[in-house]
Amino acid sequence: MPADLRRTLTELYGAFNARDVDTVLRALAPDVVRPTGWEGGVVRGHQHVRDHGKRQWAEIDPTVEPVGFRGEQDGRVAVTVRQVVRDLGGAVLVEGRVEHVYRF
């Protein structure tokens, strides 16, 4: 996987953790489809992704740190992240590794 793609994805995870949704959305296709893990289902498009983020961050405090990158045979990119989800008081609700898969 190209180093510049790895760097870009790492920067986007940093933007997510900083709650800089505008930076994240600039990197996503207008017709992006994003799973809504804590709500179930998916959202489509920039406005729905933005709205989901606002709802999510009003309820929980998730952070994700990329720890591994893998190119798939079909061109997708899998990113293994260390995820920590806290309640708004700071107590850890969930901690572990999950995989996010992207198509560019």
Side-chain angles (χ1 to χ4, degrees):
M1 175 183 342
D4 61 332
L5 180 55
R6 192 178 299 222
R7 184 174 46 256
T8 296
L9 286 167
T10 299
E11 289 169 359
L12 288 171
Y13 278 103
F16 173 87
N17 291 335
R19 308 302 183 242
D20 182 358
V21 70
D22 291 326
T23 294
V24 174
L25 289 176
R26 278 193 298 274
L28 302 177
D31 61 348
V32 62
V33 176
R34 183 192 189 284
T36 58
W38 73 283
E39 290 178 325
V42 298
V43 292
R44 298 181 194 298
H46 282 191
Q47 189 59 51
H48 293 286
V49 169
R50 178 186 302 280
D51 294 346
H52 167 71
K54 287 180 181 180
R55 287 191 310 275
Q56 174 178 275
W57 296 324
E59 300 275 334
I60 57 175
D61 181 22
T63 58
V64 283
E65 175 189 355
V67 295
F69 298 87
R70 183 181 73 250
E72 300 288 327
Q73 289 183 338
D74 64 1
R76 294 179 303 159
V77 175
V79 182
T80 302
V81 299
R82 178 179 175 269
Q83 174 179 272
V84 179
V85 179
R86 291 177 164 67
D87 67 17
L88 297 182
V92 173
L93 301 172
V94 177
E95 184 173 2
R97 290 180 187 239
V98 297
E99 188 171 86
H100 297 154
V101 180
Y102 300 93
R103 181 177 311 278
F104 295 93

Measuring only between side-chain heavy atoms, which start at C-beta, is His52 closer than 4.5 Å to Val21?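 Not in contact.
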Heavy-atom closest contact ([X] atom, [Y] atom, distance):
| X | Y | answer |
| --- | --- | --- |
| Ala58 | Leu88 | O-CD1, 3.1 Å |
| Gly89 | Asp87 | N-OD1, 2.9 Å |
| Pro62 | Arg19 | O-NH2, 2.7 Å |
| Gly71 | Met1 | N-CE, 4.2 Å |

Under a 4.5 Å side-chain heavy-atom rule over Ile, Leu, Val, Met, Phe, Trp and Tyr, are [X] and [Y] clustered together?
| X | Y | answer |
| --- | --- | --- |
| Val32 | Val42 | no |
| Val101 | Val64 | no |
| Ile60 | Val24 | no |
| Leu93 | Trp57 | no |
| Val81 | Leu12 | no |

Looking at [atom1] of [X] and [atom2] of [Y], how far apart are the two atoms once the value is rounded to the nearest 0.5 Å?
| X | Y | atom1 | atom2 | answer |
| --- | --- | --- | --- | --- |
| Tyr13 | Thr8 | OH | OG1 | 12.5 Å |
| Glu11 | Thr23 | CD | OG1 | 10.0 Å |
| Thr63 | Arg82 | OG1 | CZ | 7.0 Å |
| Leu5 | Phe104 | CG | CZ | 5.0 Å |
| Asn17 | Glu65 | CG | CD | 8.5 Å |
| Arg34 | His46 | CZ | NE2 | 12.5 Å |

Assess whether atom [atom1] of [X] is packed by more than 12 heavy atoms of other residues, nucleotides or ligands within 6.0 Å.
| X | atom1 | value |
| --- | --- | --- |
| Arg97 | CZ | no |
| His48 | NE2 | no |
| Arg6 | CZ | yes |

Would Gln56 and Thr36 satisfy side-chain contact (heavy atoms from CB on, under 4.5 Å), going step by step from the backbone distance to the final call? CA-CA 9 Å; Gln56 174 178 275; Thr36 58; over 6 Å; no
Kindly indicate, with the supporting measurements, whether the criterion side-chain contact (heavy atoms from CB on, under 4.5 Å) is fulfilled by His100 and Val77. CA-CA 8 Å; His100 297 154; Val77 175; over 6 Å; no
